[in-house]
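Here the structure comes first, spelled out in structure tokens, and everything after it is commentary.
In this chain, numbering begins with 1 at the start of the sequence shown. Just so you know, these numbers use all the heavy atoms, side chains as well, and skip hydrogens, waters and symmetry mates.
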Amino acid sequence: MAWVGFRRETLTWTGRGGEPTWYSTWPTLRRGHCARYGTHLVSVADGSDMVMVTTFSLTEQSGGLEPVGHSFRQRAVPWMTVTLAPDPLHL
């Protein structure tokens with residue numbers, strides 16, 4: 001699953017369903033799901049100013065979503081390669 005992070009104060013919910021339905025799924029993590037279909041859309045850790053959004057749930061996906069991280073790389077299928085962009089927080 002591919003994710004993109006947004007600062008909470010810059011993220012706007014524009015879909016017909018509005019803000020997702022939130023569930024605590026770990027002691028320090030909440031996940032947002034589509035109220036209509038139950039699809040997992042977002043995750044946010046307690047105390048974080050970032051909201052992680054599944055890239056495929058975004059309406060607009062034009063540019064600016066180059067990967068800067070790849071979790072569990074050692075478990076990826078052998079044919080999968082991911083070229084990472086420079087981390088914008090460290091430029």
Side-chain angles (χ1 to χ4, degrees):
M1 180 178 293
W3 299 86
V4 62
F6 295 98
R7 296 206 176 278
R8 283 187 191 203
E9 67 272 6
T10 65
L11 185 61
T12 303
W13 307 106
T14 60
R16 288 187 292 163
E19 186 167 346
T21 301
W22 293 95
Y23 299 96
S24 293
T25 58
W26 194 254
T28 59
L29 183 70
R30 292 182 308 128
R31 295 177 193 220
H33 297 262
C34 171
R36 185 171 184 181
Y37 298 108
T39 307
H40 180 197
L41 303 172
V42 296
S43 294
V44 63
D46 291 348
S48 175
D49 62 346
M50 299 295 288
V51 175
M52 303 307 292
V53 180
T54 60
T55 56
F56 300 110
S57 65
L58 298 174
T59 302
E60 182 62 44
Q61 297 181 13
S62 59
L65 297 178
E66 294 81 17
V68 296
H70 182 203
S71 300
F72 305 104
R73 193 174 312 184
Q74 66 280 9
R75 293 185 179 168
V77 292
W79 50 262
M80 183 177 185
T81 59
V82 176
T83 303
L84 301 179
D87 186 341
L89 299 177
H90 295 100
L91 291 178

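The NE2 atom of His33 lies 12.0 Å from the OG atom of Ser57; values are rounded to the nearest 0.5 Å.
Side-chain N or O atoms of His40 include one that pairs as donor or acceptor with a backbone N or O of Val42 at under 3.5 Å. No donor-acceptor pair under 3.5 Å is formed between the side chain of Arg31 and the backbone N or O of Trp26.
Here the closest heavy-atom approach between residue Leu29 and residue Val44 is recorded as CD1-O, 3.3 Å. Considering every non-hydrogen atom in both Ala35 and Thr21, the closest pair reads CB-OG1, 3.4 Å.
Considering only heavy atoms from C-beta on, Met50 comes within 4.5 Å of Arg7 through its side chain. Counting only heavy atoms from C-beta outward, the side chains of Thr55 and Trp3 never approach each other to under 4.5 Å.
Environment of CZ in Arg16: sparse, with no more than 12 heavy atoms of neighbouring residues, nucleotides or ligands closer than 6.0 Å.
The hydrophobic clustering, which links ILVMFWY residues whose side-chain heavy atoms are closer than 4.5 Å, places Trp22 and Phe6 together.
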